**Student:** 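Structure provided below as structure tokens; questions to follow.
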There are 2 protein chains.
Amino acid sequence: MRNKLGAIIRFHRKRSGLTQLDLAELAGVGKNLVYGLENGQESVRLENLLKVLRVLNIELDFQSPLKEAYLKEHTNADR
Amino acid sequence: MRNKLGAIIRFHRKRSGLTQLDLAELAGVGKNLVYGLENGQESVRLENLLKVLRVLNIELDFQSPLKEAYLKEHTNADR
DNA sequence: TGTTTTTTCCCTGTTTGACGGGAAAAATAT
DNA sequence: ATATTTTTCCCGTCAAACAGGGAAAAAACA
């Protein structure tokens, strides 16, 4: 296992009882993309990574020292 | 502002007193990429997104119902 | 054991993001 | 108001991710 994200994805996939091919089809991406993700290919389109994470019910969020300040200024939804 | 991530990046960039061009140069990416990120272009290479976030001292992490279980099985560093 | 499933890793063509340059529009400063 | 900086958004070129096929290796299962 070459990287953290790959390990996370693989773990969640297996827990869901899916093969790489299953996951790829559910996410609407190619099988090689899933393989690459799990094996540490860092150069992936964010769009495709998110498709895969969505199927696995994983969500990304950010951490930073300014997070509090950011949230304070964005109570009103900007999306 | 079209998306959350873009807003976060812009907020952090301004707080750091950087222009889009400054940020691009510090991150080692093109100016148009920073512009695209802040304005909701979702199709960005993860690699490049991470470069930008690194400059802004923002880190991504994942959330999922299985996170606990995952961490339990990965106490020994897999990287 | 042999059989089936899954993963790994080729290959090829297509799509698309990344880049720098440039210039107009918008914002900021003097 | 005018000058300067910054942002927005064109463009053309290039590199790289993508999908899908295929087949060997590995793993799971009978």
Side-chain angles (χ1 to χ4, degrees), chain A residues 1-60 62 64 66 69-70 73-74 76 78-79, chain B residues 1-60 62 64 66 69-70 73-74 76 78-79:
Chain A
M1 205 73 63
R2 295 203 203 88
N3 75 109
K4 213 166 166 187
L5 185 60
I8 292 167
I9 290 174
R10 174 162 292 169
F11 178 83
H12 282 74
R13 175 176 62 78
K14 297 228 166 189
R15 278 295 186 101
S16 304
L18 299 173
T19 66
Q20 289 179 353
L21 192 58
D22 292 335
L23 177 52
E25 283 167 356
L26 286 170
V29 300
K31 67 190 196 318
N32 292 330
L33 188 138
V34 172
Y35 169 74
L37 267 181
E38 290 192 358
N39 290 280
Q41 183 194 11
E42 202 173 297
S43 29
V44 179
R45 268 182 226 155
L46 178 60
E47 199 181 4
N48 286 330
L49 171 61
L50 293 177
K51 284 183 190 171
V52 169
L53 295 184
R54 211 168 290 134
V55 171
L56 297 177
N57 202 24
I58 300 172
E59 65 179 48
L60 287 183
F62 76 98
S64 90
L66 280 70
Y70 170 77
E73 287 192 17
H74 290 76
N76 37 356
D78 52 75
R79 30 170 295 116
Chain B
M1 205 74 63
R2 293 203 205 90
N3 74 112
K4 212 167 168 189
L5 185 60
I8 292 167
I9 290 174
R10 174 163 291 170
F11 178 82
H12 281 74
R13 174 176 64 79
K14 298 230 166 186
R15 279 295 186 101
S16 306
L18 300 173
T19 66
Q20 289 179 353
L21 192 58
D22 292 335
L23 176 52
E25 284 168 355
L26 286 170
V29 300
K31 69 188 195 316
N32 292 330
L33 187 137
V34 172
Y35 169 73
L37 267 180
E38 291 190 357
N39 290 281
Q41 180 194 16
E42 202 173 297
S43 28
V44 177
R45 268 181 227 157
L46 176 60
E47 200 181 2
N48 287 331
L49 170 62
L50 293 178
K51 285 183 190 171
V52 171
L53 295 185
R54 209 167 293 135
V55 171
L56 297 176
N57 204 22
I58 300 172
E59 62 180 52
L60 287 184
F62 76 98
S64 89
L66 282 68
Y70 169 76
E73 287 193 18
H74 291 74
N76 38 356
D78 52 76
R79 27 172 294 118

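Every chain is numbered from 1 and lettered A, B, ... according to where its sequence line falls, protein lines coming before strand lines. The analysis underlying the following values was restricted to heavy atoms, covering all of them including side chains, and did not include hydrogens, waters or symmetry mates. What you are looking at is a predicted structure, and each value in this text was computed from that prediction instead of being measured.
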**Student:** Respond yes when some side-chain nitrogen or oxygen of B:S43 is under 4.0 Å from OP1 or OP2 of C:dT16, and no when none is.
**Tutor:**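 Indeed not, no polar side-chain atom of B:S43 lies that close.
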
**Student:** Could you list by number each residue of residues 20-31 of chain A showing a heavy-atom separation from DNA chain D of less than 4.0 Å, or answer none if no residue does?
**Tutor:** A:G28, A:V29, A:G30, A:K31

**Student:** Could you measure the distance from the CG atom of A:N39 to the CG atom of A:N32? Nearest 0.5 Å is fine.
**Tutor:** 11.0 Å

**Student:** Would you say A:N48 reaches D:dA17's phosphate, i.e. side-chain N/O to OP1/OP2 under 4.0 Å?
**Tutor:** no

**Student:** Got a sec, which residues hit side chain to side chain donor-acceptor pair (under 3.5 Å) with A:D22, two or more places apart in sequence or on another chain?
**Tutor:**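 A:D22 satisfies side chain to side chain donor-acceptor pair (under 3.5 Å) with A:T19 only.
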
**Student:** Which nucleotide in the set D:dT8, C:dA18, D:dT7 lies at the smallest distance from any side-chain heavy atom of B:R45?
**Tutor:**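 My answer, after comparing the listed nucleotides, is C:dA18.
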
**Student:** Just how far, in rounded Å, is C1' of D:dT8 from CD of B:E38?
**Tutor:** 11 Å

**Student:** Could you tell me which non-hydrogen atom of B:N57 sits nearest to which non-hydrogen atom of A:S64, and how far apart they are?
**Tutor:**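 In this case the closest contact between B:N57 and A:S64 is O-CB, 3.5 Å.
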
**Student:** Please state how far atom CD in B:Q41 lies from atom C1' in D:dT8, giving the value in whole angstrom units.
**Tutor:** 13 Å

**Student:** Rounded to the nearest 0.5 Å, what's the gap from CZ on B:F62 to CG on A:L53? Could you check?
**Tutor:**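 Going from CZ on B:F62 over to CG on A:L53, the span is 10.0 Å.
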
**Student:** Roughly how far, to the nearest 0.5 Å, is CD1 of A:I9 from NZ of A:K14?
**Tutor:**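 A:K14 NZ to A:I9 CD1: 14.0 Å, rounded to 0.5 Å.
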
**Student:** For A:F11 and B:A69, work out which heavy atoms get closest and say how close.
**Tutor:** CZ-C, 3.8 Å

**Student:** More 5' along DNA chain D: B:R13 or B:E47, using each one's nearest nucleotide?
**Tutor:**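 Nearer the 5' end of the strand: B:R13.
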
**Student:** Report the distance from atom NZ of B:K51 to atom P of C:dG17, rounded to the nearest whole Å.
**Tutor:** 17 Å

**Student:** Go through D:dA17, C:dA18, D:dT6 for me and flag the one nearest to the B:T19 side chain.
**Tutor:**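 It is D:dT6.
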
**Student:** Quick one: pull up CD in A:E25 and CG in A:L21 and give me the separation to the nearest 0.5 Å.
**Tutor:**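 Atom-to-atom, A:E25:CD and A:L21:CG are 4.5 Å apart.
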
**Student:** Quiz question: going by heavy-atom distance under 3.5 Å, is there a donor-acceptor pair between the base of D:dG20 and the side chain of A:N32?
**Tutor:** yes

**Student:** Which residue lies toward the 5' end of DNA chain C, A:K14 or B:L46, if each is placed at its nearest nucleotide?
**Tutor:**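 So the residue in question is A:K14.
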
**Student:** I want to verify a distance call: between D:dT7, C:dG17, C:dC19, whose nearest atom is closest to the B:L33 side chain?
**Tutor:** C:dC19

